[in-house]
Amino acid sequence: MVTEASTRPHVRLAREADLATVHRIETESFADDPWSLGMLTETLHSADSVMIVAADSHEVLGYAAVLAAKGAGEADVLTIAVDARARGRGVGRTLLVALATEAQARGAKLLFLEVRESNATARSLYRSEGFEHVGVRPKYYPAGDDGQREDAVMMRLDLHHWCETKKESA
Ligand SMILES: CC(C)(COP(=O)(O)OP(=O)(O)OC[C@H]1O[C@@H](n2cnc3c(N)ncnc32)[C@H](O)[C@@H]1OP(=O)(O)O)[C@@H](O)C(=O)NCCC(=O)NCCS
């Protein structure tokens with residue numbers, strides 16, 4: 001019998017066997033500029049990055065990766081996406097919190113990311129976790145169906161402050 005506990009999503013390190021599903025979610029989520037399977041594989045095996053997945057007892061629901069070279073003091077969210085069927089249930093936030101925790105464990109003080117200006121859902125998630133707007137990279141993203149390149153909003157999280165806030169609200 002499938003119990004609620006066995007189906008609650010948990011986060012773990014990604015494995016080679018997850019990559020086919022990760023690649024499917026990536027392709028469905030970023031139709032204009034998805035990472036190839038090769039790029040995902042390289043990230044999985046890089047000593048400078050960490051890739052995680054959120055999975056229930058049946059399948060991978062989402063994934064995320066952070067570039068956090070030891071000693072760099074800064075980290076970058078490389079990618080984060082949740083299967084469209086599993087969105088709006090807290091999986092994205094769980095992945096983001098796990099990434100920030102991993103970046104901090106590797107000594108990062110600041111966590112950066114870029115997000116499409118039009119991506120209101122992701123920007124809302126990042127703002128609510130404490131990321132601040134620090135700039136814009138004009139025409140950063142390749143053109144989509146409308147033929148226009150899109151600006152990236154650059155955001156930054158102070159990991160020490162984030163961690164203190166988490167402890168206070170726990
Ligand atoms: C962005 C994404 C990862 C969020 O994952 P998710 O599992 O749906 O998000 P959660 O359920 O954890 O929600 C976290 C927050 O996101 C925001 N959010 C989620 N769904 C939203 C929606 N439909 N509209 C507006 N904000 C939304 C809210 O701030 C929400 O917090 P709340 O539940 O306290 O209101 C997911 O929408 C996704 O995979 N999108 C496609 C890929 C992508 O854009 N990745 C980001 C690239 S920078």
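- Taking the side chain as every heavy atom from C-beta outward, T21 and E59 never approach each other to under 4.5 Å.
- Taking Ile, Leu, Val, Met, Phe, Trp and Tyr as hydrophobic and joining them when side-chain heavy atoms fall under 4.5 Å apart, one finds M154 in a cluster with V134.
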Could you give the side-chain donor-acceptor pairs of residues 109-117 under 3.5 Å, partners two or more places apart or in another chain?
{"from": "E114", "atom 1": "OE1", "to": "Y140", "atom 2": "OH", "distance (Å)": "3.2"}
{"from": "E114", "atom 1": "OE2", "to": "R137", "atom 2": "NH1", "distance (Å)": "3.0"}
{"from": "R116", "atom 1": "NH1", "to": "E150", "atom 2": "OE1", "distance (Å)": "2.9"}

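- In this structure, the side chains of D32 and P142 stay at 4.5 Å or more apart for every pair of heavy atoms.
- The main-chain N or O of L159 is found under 3.5 Å from a side-chain atom of Q104 such that the two form a donor-acceptor pair.
- Partners of R12 by side chain to side chain donor-acceptor pair (under 3.5 Å), not counting sequence neighbours, listed by chain and number: D18.
- Residue pairs meeting the salt bridge (Lys or Arg N to Asp or Glu O under 4.0 Å) criterion with at least one member in residues 61-76: none, sequence neighbours excluded.
- No more than 12 heavy atoms of other residues, nucleotides or ligands lie within 6.0 Å of CD in E42, so this atom counts as exposed by the packing criterion.
- The shortest non-hydrogen separation linking A103 to A68 is CA-CB, 4.3 Å.
- Hydrophobic side-chain contacts under 4.5 Å tie M39 into a cluster, directly or through other members, with L19, V22, I25, F30, W35, L37, L40, L44, M51, V53, V60, Y63, L67, L78.
- With sequence neighbours excluded, the residues satisfying salt bridge (charged side-chain N to carboxylate O under 4.0 Å, His left out) with R156 are E132.
- In terms of the side chain to side chain contact (heavy atoms under 4.5 Å, CB included) criterion, residue partners of E164 (sequence neighbours excluded) are, by chain and number, H160, K167.
- Under the side chain to side chain contact (heavy atoms under 4.5 Å, CB included) criterion, A20 pairs with no residue, sequence neighbours left out.
- Under the side chain to side chain donor-acceptor pair (under 3.5 Å) criterion, T79 pairs with E26, not counting sequence neighbours.
- The salt bridge (Lys or Arg N to Asp or Glu O under 4.0 Å) contacts involving residues 97-106 comprise E102-R106, where partners must be two or more places apart or lie in separate chains.
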Atom pairs and distances, side-chain donor-acceptor, residues 85-99, under 3.5 Å, sequence neighbours left out:
{"from": "R85", "atom 1": "NE", "to": "D83", "atom 2": "OD1", "distance (Å)": "3.2"}
{"from": "R85", "atom 1": "NH2", "to": "D83", "atom 2": "OD2", "distance (Å)": "2.7"}
{"from": "R87", "atom 1": "NE", "to": "V82", "atom 2": "O", "distance (Å)": "2.8"}
{"from": "R87", "atom 1": "NH2", "to": "S29", "atom 2": "OG", "distance (Å)": "3.1"}
{"from": "R87", "atom 1": "NH2", "to": "V82", "atom 2": "O", "distance (Å)": "3.0"}
{"from": "R89", "atom 1": "NH2", "to": "R85", "atom 2": "O", "distance (Å)": "3.3"}
{"from": "R93", "atom 1": "NH1", "to": "S128", "atom 2": "OG", "distance (Å)": "3.1"}
{"from": "R93", "atom 1": "NH1", "to": "E129", "atom 2": "OE2", "distance (Å)": "2.7"}
{"from": "R93", "atom 1": "NH2", "to": "S128", "atom 2": "OG", "distance (Å)": "3.1"}
{"from": "T94", "atom 1": "OG1", "to": "G90", "atom 2": "O", "distance (Å)": "2.8"}

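- Under the 4.5 Å side-chain criterion, counting only non-hydrogen atoms from C-beta, Y141 is not in contact with N119.
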Show your reasoning for whether side chain to side chain contact (heavy atoms under 4.5 Å, CB included) applies to E16 and H45.
-> CA-CA 9 Å; E16 189 99 32; H45 294 299; 2.8 Å; yes
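- Taking every heavy atom of both residues into account, D56 and H58 meet most closely at OD1-N, 2.7 Å.
- In this view, R149 satisfies the salt bridge (charged side-chain N to carboxylate O under 4.0 Å, His left out) rule with no residue, not counting sequence neighbours.
- Within a 6.0 Å radius of NE2 in H161, no more than 12 heavy atoms belonging to other residues, nucleotides or ligands are found.
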